[in-house]
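One structure is given below, encoded as structure tokens.
In what follows, every chain begins at residue 1, and chains take the letters A, B, ... in the order their sequences are listed. All values below were derived from every heavy atom in this structure, side-chain atoms included, with hydrogens, water molecules and symmetry-related copies excluded.
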Protein chains: 2
Amino acid sequence: MHADSVARAEVGHQTVTWDRPTADCPVEVALAAISGRWATLVLRDLMDGPRSFSALRAGLPSLSAKVLTERLDSLVAQGVVSCSRSPGFPVRTSYALTSKGLLLRPLLVELYRTGEALLSELADH
Amino acid sequence: MHADSVARAEVGHQTVTWDRPTADCPVEVALAAISGRWATLVLRDLMDGPRSFSALRAGLPSLSAKVLTERLDSLVAQGVVSCSRSPGFPVRTSYALTSKGLLLRPLLVELYRTGEALLSELADH
DNA sequence: CAGGATCCTAAAAGATACTG
DNA sequence: CAGTATCTTTTAGGATCCTG
């Protein structure tokens, strides 16, 4: 559906007739992974390798435990991040990108690239 | 700053020490343009060429005038969309992408591409 | 250590009615 | 036509305290 969207954007055709974001639209799917405050930062940290809950918190001091949990739960639910907990006590967790999660890297790079371009482009004309 | 972020993600280095999304971070800048419900859909429509307020509404039936106005105001404020109003009555508007706005096209394409990849990737492993 | 449980505030979205 | 104004609902985010 949004397939046609982009095709439309690229080619100029117009064949679709849908009117709202749906969960099955690729654009919405990708957006879901990077949306929410701190999401891109958490992902960036995980791009470097597995991280524990505390390590992630340490890297993002102003992020509360609750929000980090929400973000991670969401990423895990989307299958882009996996979580393993060590047995024993105290518990240790290790969050890591899954193969799906690695697919997000080019998007993050493009996000950065586009942001830079926007910043260097003089306002309008 | 997020420059180092992506560098970090790409190279594995770690040199930055910031903890929250800031307005001057390229990633946040790019994200601002595509965030908000309907934002990508409005942008997609504009990728085909200038559109009037009503034309945009017609394309996105379940989007209220209020939200469309908010979205457009935001895009105009960010300098990615421009608005011109015809003199006389009844007023006619024409929203169009600026040169900055066109910079978003590759991002939208990448967003779509990544979403597709996520959808076709089997969950985890 | 790694969260869960609550409560609260704020921002975003939606519905409806109205105006220049 | 192209919005504005208002109000209500929904959702996200944050603060604090508590637990396996």
Sidechain-backbone polar pair: A/Thr93 side chain, A/Phe53 backbone, donor-acceptor under 3.5 Å: yes
Spacing of A/Phe53 atom CZ relative to D/dG20 atom C1', expressed in whole Å: 14 Å
B/Leu60 CG to D/dG3 C1', straight-line distance once rounded to whole Å: 17 Å
Contacts table for residues 72-79 of chain A: side-chain donor-acceptor under 3.5 angstrom, sequence neighbours left out:
residue : atom : partner : partner atom : Å
A/Ser74 : OG   : A/Gln78 : NE2          : 2.7
A/Gln78 : OE1  : A/Ala33 : N            : 3.2
A/Gln78 : NE2  : A/Ser74 : O            : 3.2

Sugar-phosphate, base or nothing in reach of B/Arg57, heavy atoms under 4.0 Å: nothing
Between C1' of D/dA2 and CZ of B/Arg92, the distance in whole Å: 10 Å
Can you pull every protein N or O that's under 3.5 Å from an N or O on nucleotides 6-14 of chain D?
residue : atom : partner : partner atom : Å
D/dG13  : OP1  : A/Arg37 : N            : 2.8
D/dG13  : OP2  : A/Arg71 : NH1          : 3.4
D/dG13  : OP2  : A/Arg71 : NH2          : 2.3
D/dG13  : O3'  : A/Arg37 : NH2          : 3.2
D/dG13  : N7   : A/Lys66 : NZ           : 3.0
D/dG13  : O6   : A/Lys66 : NZ           : 3.4
D/dG14  : OP1  : A/Arg37 : NH2          : 2.8
D/dG14  : OP2  : A/Trp38 : NE1          : 3.4
D/dG14  : N7   : A/Lys66 : NZ           : 2.9
D/dG14  : O6   : A/Lys66 : NZ           : 2.4

SB check A/Arg113 A/Glu110 (cutoff 4.0 Å): yes
Sequence-distant partners of B/Arg71, side-chain hydrogen bond (donor to acceptor under 3.5 Å, both in side chains), two or more places apart: none
C/dC1 phosphate, OP1 or OP2, under 4.0 Å from A/Tyr95 side-chain N/O: no
N or O in side chain of B/Thr93 less than 4.0 angstrom from D/dG3 OP1/OP2: yes
Sub-4.5 Å side-chain heavy-atom contact between B/Leu63 and B/Leu56: no
Options C/dG3, C/dG4, C/dC1, nucleotide nearest the side-chain atoms of A/Asp73: C/dG4
Nearest-angstrom distance from the residue atom CG of B/Leu68 to C1' of C/dA12: 15 Å
Residue closer to the 5' end of DNA chain C, B/Ala65 versus A/Leu72 (nearest nucleotide): A/Leu72
Heavy-atom donor-acceptor pair, A/Thr114 side chain to A/Leu111 backbone, under 3.5 Å: no
